[in-house]
2 protein chains.
Amino acid sequence: MSEIGRPRSQAAHDAVLKAALRLVTKRGFRSVSVNEIAAEAGVGKMTLYRHWPNKAALVMDALLVLIGSETDFPEAGSAIESLRQQLDLQAAFFRSSRGNLIRSLVAEAQSDPELAIAFRERWVNPRREGVHQIMRAAVAEGSLRSDIDIDTAIDLLYGSLYYRLLLGAGALDERFVDTIYDQFLEGHGASAQALDKVRARR
Amino acid sequence: MSEIGRPRSQAAHDAVLKAALRLVTKRGFRSVSVNEIAAEAGVGKMTLYRHWPNKAALVMDALLVLIGSETDFPEAGSAIESLRQQLDLQAAFFRSSRGNLIRSLVAEAQSDPELAIAFRERWVNPRREGVHQIMRAAVAEGSLRSDIDIDTAIDLLYGSLYYRLLLGAGALDERFVDTIYDQFLEGHGASAQALDKVRARR
DNA sequence: ATGGATTCGATACCTTCGGTATCGTTAGGG
DNA sequence: CCCTAACGATACCGAAGGTATCGAATCCAT
């Protein structure tokens with residue numbers, strides 16, 4: 001297990017990640033060049049390409065390493081409350097400069113199959129799994145109806161957030177989160193299930 | 001009022017639109033070059049740029065002119081049935097090679113503000129307006145609860161379709177449409193409203 | 001310590017692509 | 001019939017992602 005030659009510089013690695021995050025969140029993926037990122041990091045272009053195979057992989061890493069935890073589930077008194085707070089958090093995340101990063105990566109992924117897979121497996125799926133868990137807990141605590149189709153529910157709730165982020169179809173404010181959350185509970189809250197039983201009894 | 005000089009060739013115009021549609025639906029926006037489109041159309045590059053200011057505007061036009069009507073609302077016995085059929089139609093549209101075109105334009109719009117505006121105003125908004133009308137009709141015929149927030153309902157339903165199209169998070173098949181439609185009616189169908197009244201009476 | 005292997009930052013370079021400029025040629029309205 | 005603008009073709013420009021190569025620096029193994 002040879003460790004021959006000069007070792008990789010962790011400082012350079014970190015500086016490039018930070019520079020990439022700063023520039024891309026601010027101005028977007030396409031309008032930031034690799035030369036700029038290297039210059040901002042005070043690093044040679046070839047050093048950058050020794051650490052990442054291409055621009056997309058670098059920015060994807062910057063997202064995961066530097067701000068991946070910003071959408072973690074907050075602690076809350078109940079699962080359903082935690083879900084609600086995470087929806088707000090996700091909307092705030094999209095509304096902030098981080099939103100540019102997500103928009104950029106989704107856009108780039110449309111013409112870069114490798115990036116598409118990486119984004120789905122390393123960003124989307126882990127977060128879906130988190131929502132999945134919390135929804136199962138919400139079912140267990142009796143806040144959501146037990147016959148809910150969780151995957152589709154996630155598509156509806158989080159799909160609408162991505163829709164507004166990418167299509168610019170409307171504000172990603174708390175009022176919007178309020179509304180989709182209310183509409184969601186209207187159909188999937190435990191009280192809706194109770195009402196179904198009323199209907200069934202008739 | 002002057003019509004001096006050689007007139008624009010409608011044949012060239014149409015050939016470029018057709019070539020752009022064919023190539024971009026097949027291979028995607030980024031991997032098709034303007035040179036290819038011009039060659040495929042049997043047209044000089046400068047002729048292309050005399051008819052459209054840039055590649056994005058051309059492809060946007062191809063979408064609207066050639067296949068804009070493919071997502072029109074089908075005739076159906078009731079408004080709610082028409083809504084359901086249009087959802088299926090939209091999913092089939094996204095699932096077909098047309099989906100590549102939409103994905104390409106949404107992606108490109110993330111770094112092209114003019115295209116973003118054009119796509120929203122010329123594609124998204126007109127179709128949202130169609131859904132809006134049909135949902136109002138569904139309320140009027142008693143198929144949807146009268147207190148529905150239509151704009152948010154559109155975000156939920158169609159947002160989830162765009163989400164699956166762009167994130168590749170799952171199949172856009174009829175089963176999926178079935179499920180989101182059922183979940184939608186669960187919360188917003190008129191019977192749900194009736195059940196609310198049962199709850200209120202207690 | 002010293003030498004070999006590898007990374008470092010810097011810079012020149014290659015290729016591709018969107019878009020422009022310029023040819024001589026062609027069509028048609030005044 | 002002729003003047004003007006569009007036509008197809010092609011050369012060109014600038015920006016950008018990625019590669020190649022440089023001498024210098026750094027660490028491990030001997």
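This one's a predicted model, so the numbers in the text were calculated from it and none came from an experiment. Numbers restart at 1 for each chain; the letters A, B, ... are given by sequence-line order, proteins then strands.
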Between [N] atom [atom2] and [X] atom [atom1], what is the distance in whole Å?
X: D112(A); N: dG17(D); atom1: CG; atom2: C1'; value: 12 Å
X: H51(B); N: dA5(D); atom1: NE2; atom2: P; value: 15 Å
X: F29(A); N: dG17(D); atom1: CZ; atom2: P; value: 8 Å
X: L58(B); N: dG18(C); atom1: CG; atom2: C1'; value: 13 Å
X: E36(A); N: dA16(D); atom1: CD; atom2: P; value: 7 Å
X: I37(A); N: dG17(D); atom1: CD1; atom2: P; value: 8 Å
X: N35(A); N: dG14(D); atom1: CG; atom2: C1'; value: 14 Å
X: R8(A); N: dT26(D); atom1: CZ; atom2: P; value: 17 Å

Quiz question: going by heavy-atom distance under 3.5 Å, is there a donor-acceptor pair between the base of dT26(C) and the side chain of R6(B)?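 Donor-acceptor pair under 3.5 Å: yes.
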
Is there, by distance only and without an angle test, a donor paired with an acceptor across the side chain of K45(A) and the base of dG18(D) below 3.5 Å?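 Such a pair exists between side chain and base.
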
Can you tell which of [options] lies closest to the side chain of [X]?
X: S33(B); options: dG17(D), dG18(C), dC8(C); result: dG18(C)
X: M46(B); options: dC8(C), dG18(C), dA21(C); result: dA21(C)
X: Y49(A); options: dT19(D), dC8(C), dA5(C); result: dT19(D)

Taking the inter-plane angle between the rings of F94(A) and Y162(A) on a 0 to 90° scale, is it parallel (under 30°), tilted (30 to 60°) or perpendicular (over 60°)?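 Aromatic pair F94(A)/Y162(A) classed perpendicular.
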
I'd like to check M135(A) versus I154(A) (side-chain heavy atoms, cut-off strictly below 4.5 Å). Are they in contact?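 Yes. Closest side-chain heavy atoms under 4.5 Å.
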
When you compare the side chain of L185(A) with that of R145(A), does any pair of heavy atoms fall below 4.5 Å?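 Heavy-atom side-chain distance check fails, nothing below 4.5 Å.
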
Hey, are D14(B) and Q10(B) close enough side-chain-wise for a donor-acceptor pair under 3.5 Å?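 Judged by distance alone, the side chains do pair up.
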
Any chance the side chains of N100(B) and K26(B) put a donor and an acceptor closer than 3.5 Å?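 The answer is no; no qualifying pair exists.
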
Quick one: is [X] getting a side-chain N or O under 4.0 Å of the [N] phosphate, OP1 or OP2?
X: H13(B); N: dC7(D); answer: no
X: R50(A); N: dC8(C); answer: yes
X: T47(B); N: dA6(D); answer: no

When the nearest nucleotide of DNA chain D is assigned to V34(A) and to G5(A) on a heavy-atom basis, which residue is associated with the more 5' position?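 Comparing both residues, the 5'-ward one is V34(A).
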
Of P7(B) and K55(B), the one whose closest DNA chain C nucleotide lies more 5':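 Taking each residue's closest nucleotide, the earlier one in sequence belongs to K55(B).
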
